[in-house]
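Worksheet for the structure shown next.
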Amino acid sequence: MDVDALAAAPDAVARRVLGATLRGRGVAGVIVEVEAYGGVPDGPWPDPAAHSYRGPTGRNAVMFGPAGRLYTYRSHGIHVCANVAGGPDGVAAAVLIRAAVITAGVELARERRGLRADAALARGPGNLCAALGITIDDNGVDLFDPDAPIRLELAVPADAVLAGPRVGVSKAVDRPWRFWLPGISAVSAYRRSPRAPAPPEP
DNA sequence: TAAAAGATATCCT
DNA sequence: GGATATCTTTTAG
């Protein structure tokens, strides 16, 4: 497994990133929950919920670049979210890292996050970035460069993976592009976006 | 130049 | 479980 394995469709990239180890600034964790995003309206997987849907902009340019780069963006002003860019160069694909289990540097992670339950240290995209020390300025770093401050170590794909709808999106609400490992307490509880259309009443 | 929306987290009831 | 804080990016006028 190397960076070439990430030059694929968003959902395939998501499955490959799941279970990988993300190292950043003294803290490392195994990724246990991800969401796939990507595509443009005329592409093979149009995804109206993705930042890339309306074409490249200054913010989402990394999504259109080569695989293996870190795409960070700010949400609601304060939170930072981390993505791994996927797809071949020129194709928009990214995997949002939603949760991880800290395997090294727990003390440091606790210090950054304030004292909290271990399972909550890197649960949720914003919290995960805080625990690993990832900031908005890390946008575009090559995760496979040995000298990069943030690195990704791919593992063999997990055999047991669960899939379901993405959290907090108001478009393409029912697309099962969220993937997580079973039996992990750090996986987020599913929350439908308050702006999403009401679910069909059975 | 202005306004709205957003891939959230936290605190309150 | 539900409302709100908070600010950047994008889009419209």
Side-chain angles (χ1 to χ4, degrees), chain A residues 9-11 13-15 17-18 22 29 31-41 43 45-65 69-87 91-100 102 109-140 150 162-180 185-199:
Chain A
D11 54 337
V13 179
R15 288 175 179 276
V17 169
L18 197 58
L22 188 64
I31 298 168
V32 296
E33 184 187 8
V34 297
E35 282 178 3
Y37 288 93
V40 291
W45 357 268
D47 180 12
H51 289 167
S52 59
Y53 191 66
R54 290 179 198 86
T57 68
R59 176 173 61 145
N60 64 19
V62 175
M63 284 185 74
F64 290 84
R69 299 284 194 63
L70 183 67
Y71 166 45
T72 60
Y73 69 94
R74 196 182 301 274
S75 178
H76 293 65
I78 28 194
H79 312 289
V80 174
C81 304
N83 299 247
V84 177
V91 175
V95 173
L96 170 66
I97 303 171
R98 288 197 54 87
I102 305 294
R110 249 183 230 140
E111 194 174 311
R112 285 181 180 142
R113 294 269 298 120
L115 198 56
R116 269 166 221 278
D118 283 8
L121 285 177
R123 175 168 59 199
N127 293 335
L128 183 140
C129 288
L132 295 195
I134 299 174
T135 74
I136 198 74
D137 294 325
D138 292 318
N139 190 40
I150 317 290
L162 302 177
R166 293 174 288 186
V167 172
V169 302
S170 58
K171 310 248 171 72
V173 185
D174 297 318
R175 185 177 308 195
W177 269 16
R178 184 165 67 105
F179 305 92
W180 67 94
S185 58
V187 171
S188 326
Y190 173 61
R191 260 195 343 230
R192 176 176 281 254
S193 165
R195 286 173 294 280

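In what follows, every chain begins at residue 1, and chains take the letters A, B, ... in the order their sequences are listed.
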Nearest listed nucleotide, side chain of [X], among [options]:
X	options	value
R74(A)	dT10(C), dT8(C), dA5(C)	dT8(C)
H51(A)	dT6(C), dA7(B), dT10(B)	dA7(B)
H79(A)	dA7(B), dT8(B), dT6(C)	dT8(B)
P125(A)	dG6(B), dT10(C), dA9(B)	dA9(B)
R54(A)	dT9(C), dT8(B), dT11(C)	dT11(C)
N127(A)	dA7(B), dA9(B), dT10(C)	dA9(B)
L96(A)	dA7(B), dT6(C), dT10(C)	dA7(B)
V167(A)	dT10(B), dA7(B), dT8(B)	dT8(B)

**OP:** Starting from Watson-Crick (N1-N3 plus N6-O4 or O6-N4) and G-U wobble pairs under 3.5 Å, report the runs of at least three that DNA chain B belongs to.
**Re:** B:1-6 with C:7-12, B:8-12 with C:1-5
Original post:
With a centroid cutoff of 5.5 Å and a plane-angle limit of 30°, would you call Y37(A) stacked on dA7(B)?
Top reply: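 Ring-base stacking flag set for Y37(A) and dA7(B).
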**OP:** Would you indicate what R98(A) reaches in the nucleic acid, counting non-hydrogen atoms under 4.0 angstrom: base, sugar-phosphate, or nothing?
**Re:**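 It contacts nothing in the nucleic acid.
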**OP:** Could you tell me whether N83(A) contacts a base, only the sugar-phosphate backbone, or nothing, with contacts defined as non-hydrogen atoms closer than 4.0 Å?
**Re:** base
Subject >> Pairwise distance CD1(I150(A)) to CG(L70(A)) - rounded to 0.5 angstrom >> reply: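 Nearest 0.5 Å value for the CD1-CG distance: 6.5 Å.
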Original post:
To the nearest 0.5 Å, what is the distance between OH (Y71(A)) and NE2 (H51(A))?
Top reply: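 If I round to the nearest 0.5 Å, the distance is 5.0 Å.
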**OP:** Quick one: closest heavy-atom pair of L121(A) and R113(A), and the distance?
**Re:**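 Minimum heavy-atom separation between L121(A) and R113(A): O-NE, 2.8 Å.
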**OP:** Check V84(A), L18(A), V32(A) against I97(A) for a side chain to side chain contact (heavy atoms under 4.5 Å, CB included) and give me the one that passes.
**Re:** V84(A)
**OP:** Would you indicate, yes or no, if dG6(B) has its OP1 or OP2 atom less than 4.0 angstrom from a side-chain nitrogen or oxygen of S170(A)?
**Re:** yes
**OP:** Report yes if a side-chain nitrogen or oxygen of S75(A) is closer than 4.0 Å to either non-bridging phosphate oxygen (OP1 or OP2) of dA7(B); otherwise report no.
**Re:**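 Checking S75(A) against dA7(B): no side-chain N or O falls below 4.0 Å of OP1 or OP2.
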**OP:** Check if the side chain of H76(A) and the base of dA9(B) share a donor-acceptor pair of N or O atoms closer than 3.5 Å.
**Re:**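 When only heavy-atom distances are counted, H76(A) does not reach the base of dA9(B) through any donor-acceptor pair under 3.5 Å.
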